[in-house]
Amino acid sequence: MKQQFLLSMRRWQRVTTALIAAALASSAYAGFFIPKDSTMVMGMYSPTESMFEVSHGVTRDTSIAVGVGNMTDTLRSYRWKVAHAQATKLVGRVYNEDGIGNAYVFAGPLVATGNTFDGTRYGVHGGVWADYETRRVYGRVSWHGYKNSAFAWNEVVVQAMLAPYLADYEDVASWGGMQVKRRTGETQMELTPFVRFFKKDWWIDAGVSVNRANRKDIFVNVMHLF
(Lines give C-alpha, C1' and ligand atoms only; values in the text may rest on other atoms or scores of the structure.)
Protein backbone atom coordinates (compact mmCIF):
# COMPACT_ATOMS: atom_id res chain seq x y z
CA MET A 1 0.00 0.00 0.00
CA LYS A 2 2.73 2.43 0.94
CA GLN A 3 4.66 1.59 -2.24
CA GLN A 4 1.58 2.34 -4.36
CA PHE A 5 1.14 5.66 -2.59
CA LEU A 6 4.77 6.64 -3.23
CA LEU A 7 4.51 5.73 -6.90
CA SER A 8 1.37 7.85 -7.20
CA MET A 9 3.00 10.78 -5.43
CA ARG A 10 6.09 10.59 -7.65
CA ARG A 11 3.88 10.68 -10.74
CA TRP A 12 2.04 13.71 -9.36
CA GLN A 13 5.36 15.29 -8.40
CA ARG A 14 6.66 15.19 -11.99
CA VAL A 15 4.32 18.02 -12.89
CA THR A 16 4.03 19.88 -9.59
CA THR A 17 7.78 19.96 -9.00
CA ALA A 18 8.39 21.12 -12.54
CA LEU A 19 5.95 24.00 -12.25
CA ILE A 20 6.10 24.62 -8.57
CA ALA A 21 5.30 27.84 -7.85
CA ALA A 22 4.44 30.19 -7.35
CA ALA A 23 3.53 32.23 -8.63
CA LEU A 24 3.58 34.98 -9.43
CA ALA A 25 3.99 38.31 -9.27
CA SER A 26 7.41 37.39 -8.07
CA SER A 27 10.61 36.03 -9.44
CA ALA A 28 9.44 32.59 -8.58
CA TYR A 29 10.46 31.65 -12.05
CA ALA A 30 13.99 31.35 -10.74
CA GLY A 31 13.08 28.46 -8.49
CA PHE A 32 11.48 26.14 -11.03
CA PHE A 33 12.85 22.64 -11.25
CA ILE A 34 12.29 20.70 -14.49
CA PRO A 35 12.20 16.86 -14.72
CA LYS A 36 14.93 15.18 -16.78
CA ASP A 37 14.52 15.50 -20.57
CA SER A 38 11.57 17.90 -20.18
CA THR A 39 11.42 21.52 -21.37
CA MET A 40 9.27 24.27 -19.91
CA VAL A 41 8.29 27.61 -21.47
CA MET A 42 7.07 30.29 -19.07
CA GLY A 43 5.67 33.79 -19.51
CA MET A 44 4.88 36.07 -16.56
CA TYR A 45 3.50 39.63 -16.37
CA SER A 46 2.82 42.10 -13.57
CA PRO A 47 3.19 45.91 -13.44
CA THR A 48 6.53 45.59 -11.63
CA GLU A 49 7.95 42.43 -13.25
CA SER A 50 7.71 40.58 -16.54
CA MET A 51 9.65 37.54 -17.65
CA PHE A 52 10.00 34.99 -20.43
CA GLU A 53 12.05 31.88 -19.65
CA VAL A 54 12.90 28.50 -21.18
CA SER A 55 14.10 25.71 -18.86
CA HIS A 56 15.31 22.16 -19.48
CA GLY A 57 15.86 19.20 -17.17
CA VAL A 58 19.40 17.87 -17.59
CA THR A 59 19.45 15.16 -14.92
CA ARG A 60 17.00 13.91 -12.29
CA ASP A 61 18.11 16.65 -9.89
CA THR A 62 19.55 19.43 -12.11
CA SER A 63 17.93 21.82 -14.59
CA ILE A 64 19.18 24.81 -16.59
CA ALA A 65 17.38 27.92 -17.83
CA VAL A 66 17.76 31.15 -19.80
CA GLY A 67 15.43 34.13 -19.60
CA VAL A 68 14.84 37.83 -20.23
CA GLY A 69 12.71 40.28 -18.31
CA ASN A 70 11.94 43.75 -16.98
CA MET A 71 11.97 44.95 -13.37
CA THR A 72 10.77 48.13 -11.66
CA ASP A 73 9.29 49.30 -8.35
CA THR A 74 5.89 50.71 -7.46
CA LEU A 75 7.13 54.29 -7.94
CA ARG A 76 8.87 53.45 -11.24
CA SER A 77 12.06 54.99 -9.84
CA TYR A 78 14.15 52.38 -11.63
CA ARG A 79 13.57 50.40 -14.80
CA TRP A 80 15.94 47.52 -15.47
CA LYS A 81 16.13 45.03 -18.31
CA VAL A 82 17.76 41.78 -17.23
CA ALA A 83 18.87 38.65 -19.07
CA HIS A 84 19.96 35.65 -17.06
CA ALA A 85 21.09 32.04 -17.19
CA GLN A 86 20.97 29.66 -14.26
CA ALA A 87 21.35 26.14 -12.98
CA THR A 88 18.91 24.76 -10.40
CA LYS A 89 19.85 21.89 -8.11
CA LEU A 90 17.51 19.75 -6.05
CA VAL A 91 19.41 19.35 -2.79
CA GLY A 92 16.81 17.60 -0.69
CA ARG A 93 13.51 15.74 -0.99
CA VAL A 94 11.42 14.09 1.71
CA TYR A 95 8.46 11.78 1.10
CA ASN A 96 5.94 10.94 3.79
CA GLU A 97 2.44 9.52 3.93
CA ASP A 98 0.81 12.91 3.32
CA GLY A 99 3.06 14.75 0.88
CA ILE A 100 6.47 15.80 -0.39
CA GLY A 101 9.02 18.40 0.72
CA ASN A 102 11.70 19.84 -1.57
CA ALA A 103 14.73 22.11 -1.21
CA TYR A 104 16.53 23.78 -4.12
CA VAL A 105 19.42 26.14 -4.75
CA PHE A 106 19.88 28.11 -7.97
CA ALA A 107 22.47 30.52 -9.37
CA GLY A 108 23.90 31.93 -12.58
CA PRO A 109 25.16 35.01 -14.45
CA LEU A 110 23.10 38.06 -15.40
CA VAL A 111 23.35 41.02 -17.78
CA ALA A 112 21.46 44.25 -17.02
CA THR A 113 20.76 47.67 -18.53
CA GLY A 114 18.68 50.42 -16.93
CA ASN A 115 17.90 54.05 -16.28
CA THR A 116 19.83 54.26 -12.99
CA PHE A 117 23.26 53.43 -14.44
CA ASP A 118 25.23 53.76 -17.66
CA GLY A 119 26.01 51.01 -20.12
CA THR A 120 25.68 47.27 -19.57
CA ARG A 121 26.45 45.70 -16.21
CA TYR A 122 27.35 42.06 -15.63
CA GLY A 123 26.75 40.22 -12.39
CA VAL A 124 25.30 37.16 -10.70
CA HIS A 125 22.01 36.07 -9.21
CA GLY A 126 20.94 33.15 -7.08
CA GLY A 127 18.82 31.96 -4.22
CA VAL A 128 17.22 29.19 -2.20
CA TRP A 129 13.74 27.68 -2.33
CA ALA A 130 11.90 25.27 -0.03
CA ASP A 131 8.37 23.94 -0.39
CA TYR A 132 6.04 21.31 0.99
CA GLU A 133 2.87 20.01 -0.64
CA THR A 134 0.10 17.49 -0.28
CA ARG A 135 -2.93 17.18 -2.53
CA ARG A 136 -4.71 19.73 -0.34
CA VAL A 137 -2.01 22.02 1.11
CA TYR A 138 0.96 23.86 -0.40
CA GLY A 139 3.56 26.07 1.30
CA ARG A 140 6.71 27.74 0.07
CA VAL A 141 9.44 30.14 1.20
CA SER A 142 12.18 31.50 -1.06
CA TRP A 143 14.91 34.11 -1.31
CA HIS A 144 16.29 35.49 -4.59
CA GLY A 145 19.11 38.03 -4.94
CA TYR A 146 20.72 39.99 -7.78
CA LYS A 147 24.17 41.59 -7.59
CA ASN A 148 26.28 43.63 -10.02
CA SER A 149 28.36 46.80 -9.91
CA ALA A 150 25.26 49.04 -10.19
CA PHE A 151 22.78 47.49 -7.76
CA ALA A 152 22.11 44.80 -5.18
CA TRP A 153 18.51 43.66 -5.06
CA ASN A 154 16.66 40.83 -3.35
CA GLU A 155 13.22 39.57 -2.46
CA VAL A 156 11.69 37.15 0.00
CA VAL A 157 8.47 35.31 -0.89
CA VAL A 158 6.15 33.24 1.30
CA GLN A 159 3.15 31.39 -0.12
CA ALA A 160 0.34 29.33 1.43
CA MET A 161 -2.38 27.61 -0.60
CA LEU A 162 -5.32 25.24 -0.15
CA ALA A 163 -7.07 23.03 -2.71
CA PRO A 164 -10.89 23.00 -2.44
CA TYR A 165 -11.06 19.42 -3.72
CA LEU A 166 -8.82 16.42 -4.35
CA ALA A 167 -7.87 16.28 -8.02
CA ASP A 168 -6.53 13.24 -9.81
CA TYR A 169 -3.61 13.46 -12.23
CA GLU A 170 -5.96 13.62 -15.23
CA ASP A 171 -8.19 16.33 -13.73
CA VAL A 172 -7.88 20.10 -13.60
CA ALA A 173 -6.43 20.91 -10.18
CA SER A 174 -7.25 24.25 -8.57
CA TRP A 175 -5.75 26.10 -5.63
CA GLY A 176 -6.38 29.35 -3.79
CA GLY A 177 -4.09 31.17 -1.42
CA MET A 178 -2.02 34.16 -0.40
CA GLN A 179 1.44 35.37 -1.36
CA VAL A 180 3.49 37.74 0.81
CA LYS A 181 6.52 39.37 -0.79
CA ARG A 182 9.13 41.86 0.41
CA ARG A 183 11.57 43.45 -2.04
CA THR A 184 14.60 45.74 -1.68
CA GLY A 185 13.53 49.38 -1.52
CA GLU A 186 9.82 48.74 -0.97
CA THR A 187 8.21 50.27 2.11
CA GLN A 188 5.36 47.74 2.26
CA MET A 189 5.03 44.00 1.97
CA GLU A 190 3.10 43.04 -1.13
CA LEU A 191 -0.01 40.99 -0.31
CA THR A 192 -1.53 39.06 -3.20
CA PRO A 193 -4.46 36.63 -3.07
CA PHE A 194 -4.21 34.36 -6.13
CA VAL A 195 -5.57 31.25 -7.76
CA ARG A 196 -3.78 28.45 -9.59
CA PHE A 197 -5.03 25.94 -12.14
CA PHE A 198 -3.06 23.14 -13.73
CA LYS A 199 -3.56 19.91 -15.63
CA LYS A 200 -0.81 17.56 -16.76
CA ASP A 201 1.55 19.85 -18.69
CA TRP A 202 0.04 23.33 -18.36
CA TRP A 203 -0.22 25.78 -15.49
CA ILE A 204 -1.91 29.19 -14.96
CA ASP A 205 -1.61 31.60 -12.00
CA ALA A 206 -3.58 34.82 -11.61
CA GLY A 207 -4.02 37.28 -8.77
CA VAL A 208 -4.60 40.86 -7.64
CA SER A 209 -2.56 42.64 -4.96
CA VAL A 210 -4.46 44.24 -2.08
CA ASN A 211 -1.88 46.24 -0.08
CA ARG A 212 -1.97 50.02 -0.54
CA ALA A 213 1.19 50.45 -2.64
CA ASN A 214 0.32 47.63 -5.06
CA ARG A 215 -3.47 47.72 -4.85
CA LYS A 216 -5.21 46.43 -7.99
CA ASP A 217 -1.91 45.32 -9.55
CA ILE A 218 -2.67 42.12 -11.45
CA PHE A 219 -0.38 39.30 -12.46
CA VAL A 220 -0.69 36.41 -14.88
CA ASN A 221 1.72 33.51 -15.13
CA VAL A 222 1.40 30.83 -17.84
CA MET A 223 3.63 27.77 -18.23
CA HIS A 224 3.72 24.75 -20.51
CA LEU A 225 5.81 21.62 -20.05
CA PHE A 226 6.99 19.65 -23.09
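Heads up: numbering here begins at 1 and tracks the sequence.
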**Q.** Shortest non-hydrogen contact between Arg136 and Pro164, atoms and distance
**A.** NH2-O, 3.7 Å
Q) Does one hydrophobic cluster hold both Val156 and Val128, with members joined at side-chain heavy-atom distances below 4.5 Å? A) yes
Q: Group every Ile, Leu, Val, Met, Phe, Trp and Tyr by side-chain heavy-atom contacts under 4.5 Å, then state whether Phe117 and Trp153 land in the same group.
A: yes
Q: Quick one: pull up CG in Leu166 and OG1 in Thr134 and give me the separation to the nearest 0.5 Å.
A: 8.5 Å
**Q.** Separation between OG of Ser46 and CG of Asn70, rounded to the nearest 0.5 Å
**A.** 10.5 Å
**Q.** Hydrophobic cluster identity match, Val158 and Trp143, side-chain contacts under 4.5 Å
**A.** no
**Q.** Arg79 side-chain N/O to Ser77 backbone N/O, donor-acceptor pair under 3.5 Å
**A.** no
Q: Using a 4.5 Å cut-off on heavy atoms from C-beta on, say whether the side chain of Val141 contacts that of Val157.
A: no
(Q) Tell me the closest heavy-atom pair linking Lys199 and Asp171, and the distance in Å. (A) CG-O, 3.5 Å
(Q) Quick check on the hydrophobic clustering: are Leu90 and Met40 connected, directly or via other members, by side-chain heavy-atom contacts under 4.5 Å? (A) yes
Q: Evaluate the side-chain proximity of His84 to Glu53: yes if any heavy-atom separation is below 4.5 Å, no if none is.
A: yes
Q: Give the ring-plane orientation class for Tyr146 versus Phe151, where under 30° counts as parallel, over 60° as perpendicular and anything between as tilted.
A: tilted
(Q) With a 4.5 Å cut-off on side-chain heavy atoms, are Trp202 and Phe197 touching? (A) yes
Q) So, do Lys181 and Ser142 sit near enough that their side-chain heavy atoms are less than 4.5 Å apart? A) no
**Q.** Geometric class of the Trp203/Phe198 ring pair [parallel <30°, tilted 30-60°, perpendicular >60°]
**A.** parallel
**Q.** Nearest-0.5 Å distance, CE of residue Met161 to CZ of residue Arg140
**A.** 10.5 Å
**Q.** Heavy-atom check, side chain of Tyr165 versus side chain of Ser174, under 4.5 Å
**A.** yes
Q) In Å and rounded to the nearest 0.5 Å, what is the CZ to CE distance from Phe52 to Met44? A) 13.0 Å
Q) Where the side chain of Asn221 meets the backbone of Asp205, is there a donor-acceptor pair that is under 3.5 Å apart? A) no
Q. Shortest non-hydrogen contact from Pro193 to Val208?
A. CD-O, 3.1 Å
Q: Assess whether side-chain contact (heavy atoms from CB on, under 4.5 Å) is satisfied between Val137 and Leu162, documenting all intermediate values.
A: CA-CA 5 Å; Val137 176; Leu162 294 174; 3.8 Å; yes
(Q) Hydrophobic cluster membership, with links at side-chain heavy-atom distances under 4.5 Å among I/L/V/M/F/W/Y: are Val66 and Met42 in one? (A) no
Q | Non-neighbouring partners of Tyr78 that pass ring pair (Phe, Tyr, Trp, His ring centres under 6.0 Å), sequence neighbours left out | A | Trp80
Q) Can you name the closest pair of heavy atoms from Ser38 and Leu225 and give their distance? A) CB-CD1, 3.9 Å
Q) Would you find a donor on one side and an acceptor on the other, under 3.5 Å apart, between the side chain of Arg60 and the backbone of Gly57? A) no
Q: Tell me, with the steps shown, if Asp98 and Tyr132 meet side-chain hydrogen bond (donor to acceptor under 3.5 Å, both in side chains).
A: CA-CA 10 Å; Asp98 296 321; Tyr132 179 79; 5.2 Å; no
Q: For Arg182 and Met189, indicate whether the former's side chain and the latter's backbone hold a donor-acceptor pair under 3.5 Å.
A: no
Q) So, the side chain of Arg135 versus the backbone of Ala167: is there a donor-acceptor pair under 3.5 Å, distance only? A) yes
Q: Check Ser149 against Arg121 and note the closest heavy-atom contact, atom names and distance.
A: OG-NH1, 3.1 Å
Q: Compare every heavy atom of Thr39 with every heavy atom of His56, then report the nearest pair and how far apart it is.
A: ND1-OG1, 2.8 Å
(Q) Return the OG1 to CG distance between Thr88 and Asp61, rounded to the nearest 0.5 Å. (A) 11.0 Å
**Q.** Within-4.5 Å side-chain heavy-atom neighbours: Thr48 and Phe219
**A.** no
Q.
So does Leu191 get a backbone contact from the side chain of Asn211, meaning a donor-acceptor N/O pair under 3.5 Å?
A. yes
**Q.** Check: Ala85 main-chain N/O paired with His125 side-chain donor or acceptor under 3.5 Å
**A.** yes
Q.
Keeping Ser209 on the side-chain end and Thr192 on the backbone end, is there a donor-acceptor pair under 3.5 Å?
A. no
Q.
Using side-chain heavy atoms (C-beta onward) and a distance below 4.5 Å, is Glu155 in contact with Glu190?
A. no
Q) Is there side-chain contact between Arg183 and Met71, with at least one heavy-atom pair below 4.5 Å? A) no
